[in-house]
Amino acid sequence: MFNRDNKLEKFKDAETIIGASIKVKGNFHGQGNIVIEGMLEGSLKTDANIFIGEKARVVANVEAKDLVVNGEIKGNIKVKSYLSLGGTAKINGDIQYGELSIEKGATVNGQLTAVNDISKKDNREVENIKTIEE
Amino acid sequence: MHVYIYDDYLNKSKYNKSVNRMEIRLTDLGLNGKIIRLGGIKNIKGTIQNEIKLGAKTIVAVGNNQTVNKIIGAIIDTDIYGDFQKKTLLGIIPIGSDNSIAASFGIKNEEDACNILLARRIEKIDLGLVGDYYFLNEASIESYGTNINLEDYSLEPEEKGTIRIINLLSDKINNINSNPHDGLLDVIINTRKKSQTILKLDKFNIVNKNEQLLVDGVISVKTPVDISVVRDRVSVIVGKDRSFQ
């Protein structure tokens, strides 16, 4: 688990780290926490948490319990629990989430859907944010 | 019965003091046994296998990482491996440099090793397998131009650096502390721009058209080559200060 911020420190114990100079192709599925700082094409999935670094580029559908995004994702996102989009996040794809936070500067091209009752409040907040930005 | 396998480099005079110190300590502890000096032997495998057949309870590598690898190479995947696994333990007495295997087992020096032999604290250890070669510590290769291929995905480093495939190693500087009981190899890729990649893998293939894989710093293996881990393959006498639990 990590706190509700976008910092890498929360992932110090990550079992899997894909560094900035690494390109991954294929279906990258794990069970522990995953940090992506490089490039990934295919699909990305874990039962635990994923951190997408600022310079990371992910062309894949992404599934995780919690997800922190500071880089770019082209693909659909499914997060069971908590999704955090940092100010440098760029998302092209539909998003399903439990709870959501979006920092100023993040861009999303796609549909946002809350997947449980707890997050209905968050969903409304997102709509408000979009409205204000428009 | 203990059988002590002395590596050939111990014939050099600079190791006389260490060897003498070790032999005195072994005598004090009542751990005397048969001594085999590899320097005078052509058929190392046959000699070690014969000692196991004759009922050696402990085969002790006296030397460095290469000595340990020679002994493992003589035992694993041979006809006598069954006997070895049932009856024989592997001990290590490190002398000189290049002793990272002993260090990982918590064995600091030759005198410490003698005490550890007496205590007989035993651990079953995984071995890494690169092609036909088993390794205890690690294998490494240049990262640029190397592809790591798994069933579902592949990894391609785009910068120069090093790929290390680790079974057993304690390296506090690089924050590496592998576990030789988990059935997994730690794959660590460090590139020039200080980017680090860390994965735990059990079975994969490595390809590099220009570079070879270096196994335990001794054996060069051409790629493509399959790499895997074999669980609990060898019983080793270890120290209480070993780098793993």
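Chain letters run A, B, ... following the sequence lines, proteins first and then strands; every chain starts at 1. Worth saying up front: this structure is predicted, and the values here are computed from it rather than measured. Atoms considered below: every heavy atom in the structure, side chains included; atoms not considered: hydrogens, waters and symmetry mates.
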Tabulate, with distances rounded to 0.1 Å, every donor-acceptor pair spanning chain A and chain B at under 3.5 Å.
unit_1: B:Asp152; atom_1: O; unit_2: A:Asn27; atom_2: N; d: 2.9
unit_1: B:Ser154; atom_1: N; unit_2: A:Lys25; atom_2: O; d: 2.8
unit_1: B:Ser154; atom_1: O; unit_2: A:Lys25; atom_2: N; d: 3.0
unit_1: B:Glu156; atom_1: N; unit_2: A:Lys23; atom_2: O; d: 2.8
unit_1: B:Glu156; atom_1: O; unit_2: A:Lys23; atom_2: N; d: 3.0
unit_1: B:Glu158; atom_1: N; unit_2: A:Ser21; atom_2: O; d: 2.7
unit_1: B:Thr191; atom_1: OG1; unit_2: A:Ser21; atom_2: OG; d: 3.0
unit_1: B:Ser195; atom_1: OG; unit_2: A:Ala20; atom_2: N; d: 3.1
unit_1: B:Ser195; atom_1: OG; unit_2: A:Ser21; atom_2: OG; d: 3.3
unit_1: B:Thr197; atom_1: OG1; unit_2: A:Gly19; atom_2: N; d: 2.7
unit_1: B:Ile198; atom_1: N; unit_2: A:Ile17; atom_2: O; d: 2.8
unit_1: B:Ile198; atom_1: O; unit_2: A:Ile17; atom_2: N; d: 2.8

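Of the atoms belonging to B:Leu155, heavy atoms from both backbone and side chain fall under 4.5 Å from chain A.
Atoms CG and CD1, from B:Leu199 and A:Ile34 in turn, are 9.5 Å apart once rounded to the nearest 0.5 Å.
Residues meeting the side chain to side chain contact (heavy atoms under 4.5 Å, CB included) test with B:Val62, sequence neighbours left out: B:Tyr4, B:Tyr6, B:Leu10, B:Met22, B:Val60, B:Ile93, B:Ile95. Applying the side chain to side chain donor-acceptor pair (under 3.5 Å) criterion to B:Asp112, with sequence neighbours excluded, gives no partner residue. Remark: B:Ala61 engages B:Thr67, B:Val68, B:Ile71 in a side chain to side chain contact (heavy atoms under 4.5 Å, CB included) (not counting sequence neighbours).
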